[in-house]
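First listed ligand is number 1; within each ligand, the first listed atom is number 1.
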Amino acid sequence: MKRFVIKIGSNILASADKGLNTKRLKAIISDISSIIDGGHEIVIVSSGAIAAGLKKLGLKGKPQDIRLQQAAAAIGQSSLMWAYEHTFGRFDKKVAQVLLTRDDIANRLRYINAKNTLFTLMAYGVIPLTNENDPIAVDEIKFGDNDMLAALAASLVEADMLVILSDVNGLYSKDPKLKTAKLIKHVPEITPAIEKLAGGRGSAVGTGGMYSKLLAAKQATDHGIPVVIINGRKNGMLARLADGRSVGTYFEPVKERLSSKKGWIAYGVRSRGAIYLDDGAVDALIHKGKSLLPSGITKIEGQFKIGDYIRCLNNEGKKIAKGLTNYSSEDLDKIKGKKTSEIESALGFKYSDEVIHRDNLVVV
Ligand code: GLU
């Protein structure tokens, strides 16, 4: 049994003028259904709410007005769910809706709640369908696009693979419209050169494009989850993938998989500030697997409390780790550069020797 998170974008499922493409949806659902019958678990991240809503409102393209976009999402989400529910029903399968915002993921308790719900649904053989809760999401709490939501969902449910459906066969060596463009079947690592291949971004109804798919793929592979980008407009691709055959572009994950908690620290929670470290501390974190002590801290940036997540930067300002701080920014300013034995005399109290304990720290 494998657990797949499948991301289905707006431009596969819908267009602003025609609304939902029910024929395509049926073809995709038929494919997904056969994978489930083969014994696998599926979580779907589906866009298409805004596009479906625009059609119902009689609007031709995505409006500039955010409130109208959010209204369209609210109107379209029910159509989207109904289409999934109805079509999966024809294959004797049940679906459930879980709408998320970035804030839900950033909050540890809500993150765990969402995880528990998703696992319970899967245990009952119900297919969870997630989307961003667009009607209530403002910029600061938005994922931005569903590719990112899919990467987070993949780590949330500890997926064996993230599958992103695209309107092309995968990642190409150049613009896929060019005759000389070649499909890249295997990407061992998403380097800046690979990112460059992704070119422009966005479509009329979605916000993604190949670039955002690559960013999501980077996040998931960094977490230790393999990613495949396949053509969502061709039938049978998902079934071939589940059979273990090569389709689309495969992105190799890093060797060491992050635990769900460390994945959440790295990508779920947002940081409240940063600290600069000297070379010794950077080395201790990256190569020696140590906790962070106050002696290696050179500078504090921003204001944060005990229990906030902060970024650890090297002396050039490059992020090297993220973790939960046992001291506030104010306290850290007083103990930075000091030995652990000096913490108590500097502050008048001591919570712990470590500023960030190893268990609460992720090297990035
Ligand atoms: N959540 C949006 C929708 O359902 C789309 C976001 C995206 O394009 O990725 O329409």
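Counting heavy atoms closer than 4.0 Å to ligand 1, residue D134 contributes side-chain atoms (C-beta onward) but none from N, CA, C or O.
Near S47, meaning under 4.0 Å from any of its heavy atoms, are these atoms of ligand 1: 3 (C), 4 (O), 5 (C), 7 (C), 9 (O). Residue D145 has at least one heavy-atom neighbour below 4.0 Å for each of these atoms of ligand 1: 9 (O). Those atoms of ligand 1 that come under 4.0 Å of a heavy atom in N131, given as number and element, are 1 (N), 3 (C), 4 (O).
Under the 4.5 Å side-chain heavy-atom criterion for grouping Ile, Leu, Val, Met, Phe, Trp and Tyr, L149 is not connected to V95 through any hydrophobic cluster.
Taking only nitrogen or oxygen atoms, main chain and side chain alike, G48 reaches within less than 3.5 Å of ligand 1. Residue contacts with ligand 1: N146 is placed with a nitrogen or oxygen under 3.5 Å of a nitrogen or oxygen of the ligand (distance criterion only).
Classification of the F349-Y327 ring pair by plane angle, with boundaries at 30° and 60°, yields parallel. Relative orientation of the Y250 and H186 rings is tilted, given thresholds of 30° and 60° on the angle between their planes.
For the residue pair D167 and N231, no side-chain donor N or O sits within less than 3.5 Å of a side-chain acceptor on the partner. A donor and an acceptor atom, one from each side chain of D17 and S15, are located under 3.5 Å apart.
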